[in-house]
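First comes the structure, then the notes that go with it.
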Amino acid sequence: MLQIYNSLSGKKEQFIPIEPGKVKMYVCGMTVYDYCHIGHARVLVVFDVINRYLRKLYGDENVTYVRNITDIDDKIIARAIENGEDIGTLTQRFIDAMHEDADALGVMRPDIEPRATEHMDNIINMIQTLIDKGMAYQGDNGDVYYQVSQFKDYGKLSKKNLEDLQSGSRVEVEQAKRDPADFVLWKMAKPGEPFWESPWGQGRPGWHIECSAMSKQCLGEHFDIHGGGLDLKFPHHENEIAQSEGCSGHKFVNYWIHNGFVRVDDEKMSKSLGNFFIIRDVLKNYAPEVIRYFILNSHYRSPLNYSDENLDRAKASLSTLYQSLLDIEPADAPLDENSDYAKRFFQAMDDDFNTPKAISVLFDMSHELNRLKNSDKAQAQKLAAQIKHLAHILGLLEKDPQAFLQSGAGEGGLSDDEINDLIAQRAQAKADKNWAESDRIRDVLVAADILLEDTPEGTRWRRK
RNA sequence: GGCUGGAUGGCAGAAUGGCUAUGCAGCGGAUUGCAAAUCCGUGGAUCUCGGUUCGACUCCGGGUCCAGCCUCCA
């Protein structure tokens, strides 16, 4: 039975879908004005695995995964002006880049990927409903605000109350607001800014209302899972609840899932701190699955410390798994869900997506596979197939083992041909029992981060 | 100031009221021309102080330290 830690209640709860057998999940995606960094990679990968696992449990056709794109907001406008670039061109450029990065990381595309600018009617309707219900008002400056005091449950997700918020407020209070905690639903356009027509004048939506409108449109007023990074819990998700429940008058989301931060030197990786690493830069030095392994080797709610050392370690660990799959053709067999390994794997995943524990099962399988390879080829092939099936749920071990182990040719490094050439020379030296020469060649390769393994079938190589 | 969450071996990182996590690194052995890979074996941990208990790393309370949120942020 799947248990999910629900940020709303602060405990693990049994997952029961609203509509039996069907799951609806919405995850806050990117605001597209820059390249995605490793923090974004974590959201992409974590919810990709949750999506994969839900599909495994409920069937592909019974899971609807929505991940939105925010393609209009202040930062986008600012960046477009800064670049002297048209907003549409800017956002499309970074949407394409995001897709490239996500695809590279083996992240499955969501079923629906709504964009804020394509949901303007829904956004405006929702704001109008809130005004009609007396939960929103237009300020003197023309902006429309949500009146937080009208929503009695405000703060239930982030466990904050209005008094605490006000006393700790670090923001300058906008004069037009009736209460400092009120937040903007519709913002008037300044001269030169992009705008949409609305009953309140030309303007654009606030960030929070976009997600309320898009999730309602794609999944309805009440759905199962809403996810995102921990930093969205407040105010973004809190405000979504206020808007959506204020509008519908009933519960918005049953399970809230928040993933932890990526840290650098024990500090949150973020754009404001400037300590972020762009996915595409990291991909120059590390294979995509190494990044996935690195992310999934910690529980999704724990902090994740980014460092080259940790990525190197991830690579070494993943290589060990791949190593066991070398020289073995996995049997053409489906996943045996009754095997002890599969049961342990599913048990781990059922326990709030405990991927580190699930990975440890893969290692146990890998060790048995190594033993089996020399004793029982047929059994080994069956086991290899099982490993691949389970790893697939995590999006790992999807590559050809040899290709993975030999990947990573950096600039200035030896080419595959040069390596094979040196190995041939060394084979001759070995045949001549000229150990000094064969060791010299091996040292040359090691210096270039090429590791050799002599096997009965010949010499094999991989990149460190 | 208010509110969250966390502190596990050299490092990364799970679990658990008494029983091997796992990985990387280390050590011993097998194997190898020597290595590597692999196999077999092995050392090493639960921030601190109290309490509950036959027994706590695990539950409770105090403390210390760390991170996050209260502004945009995945």
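The chains referred to below are lettered A, B, ... by the order of the sequence lines, with proteins before strands, and numbering in each begins at 1. What you are looking at is a predicted structure, and each value in this text was computed from that prediction instead of being measured.
Phosphate contact (OP1/OP2 of B:rC69, side-chain N/O of A:K268, threshold under 4.0 Å): present. Put simply, A:R67 has no side-chain N or O that comes within less than 4.0 Å of OP1 or OP2 on B:rA74. A sub-4.0 Å separation between OP1 or OP2 of B:rC24 and a side-chain N or O of A:T320 is present.
Note on A:G29: only backbone sugar-phosphate atoms sit closer than 4.0 angstrom, heavy atoms only; bases stay farther off. Residue contacts for A:G228: at a heavy-atom cut-off of 4.0 Å it reaches the sugar-phosphate backbone alone, with no base atom in range. Among the protein residues, A:L452 comes within range of the nucleic acid bases, having at least one heavy atom under 4.0 Å from a base atom.
Side chain of A:K75, nearest nucleotide from B:rG13, B:rC72, B:rU22: B:rC72. Distances from the side chain of A:D439 to the nucleotides B:rC34, B:rA74, B:rC40 place B:rC34 closest. If you check B:rC34, B:rC72, B:rC24 against the side chain of A:S317, the one that comes closest is B:rC24. Each of B:rU22, B:rC72, B:rC34 was ranked by its minimum atom distance to the side chain of A:P235; first place goes to B:rC72.
For B:rU58 and B:rA15, the P atoms lie 15 Å apart once the distance is rounded to whole Å. Straight-line distance between the C1' atoms of B:rU20 and B:rG41: roughly 13 Å, to the nearest whole Å. Taking atom C1' in both B:rC39 and B:rU46, one finds a spacing of 31 Å when rounded to whole Å.
In terms of heavy-atom proximity, A:K373 sits nearest to A:L325 at NZ-N, 4.4 Å. A:S407 approaches A:K315 most closely through the heavy-atom pair O-NZ, 4.2 Å.
Judged by closest nucleotide on RNA chain B, A:D351 is the one of A:D351 and A:N370 placed further toward the 5' end. Looking at which nucleotide of RNA chain B each of A:E267 and A:K159 is closest to, the 5′-most match is held by A:K159.
In this structure, the aromatic ring of A:W435 is positioned over the six-membered ring of the base of B:rG33, centres within 5.5 Å and planes within 30°.
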Go through the steps to decide whether A:F94 and A:Y35 satisfy the test ring-ring contact (aromatic ring centres under 6.0 Å, His included), and finish with yes or no. CA-CA 6 Å; A:F94 286 112; A:Y35 292 112; 5.0 Å; yes
Steps toward side-chain contact (heavy atoms from CB on, under 4.5 Å) verdict (A:N68, A:T70): CA-CA 7 Å; A:N68 76 286; A:T70 296; 3.4 Å; yes
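A:R292 places a side-chain N or O within donor-acceptor distance of the main-chain N or O of A:G106, the cut-off being under 3.5 Å.
Using N1 to N3 plus N6-O4 or O6-N4 for Watson-Crick, or N1-O2 and O6-N3 for G-U wobble, each under 3.5 Å, B:rA35 pairs with nothing.
To the nearest angstrom, C1' of B:rU71 lies 12 Å from NZ of A:K160.
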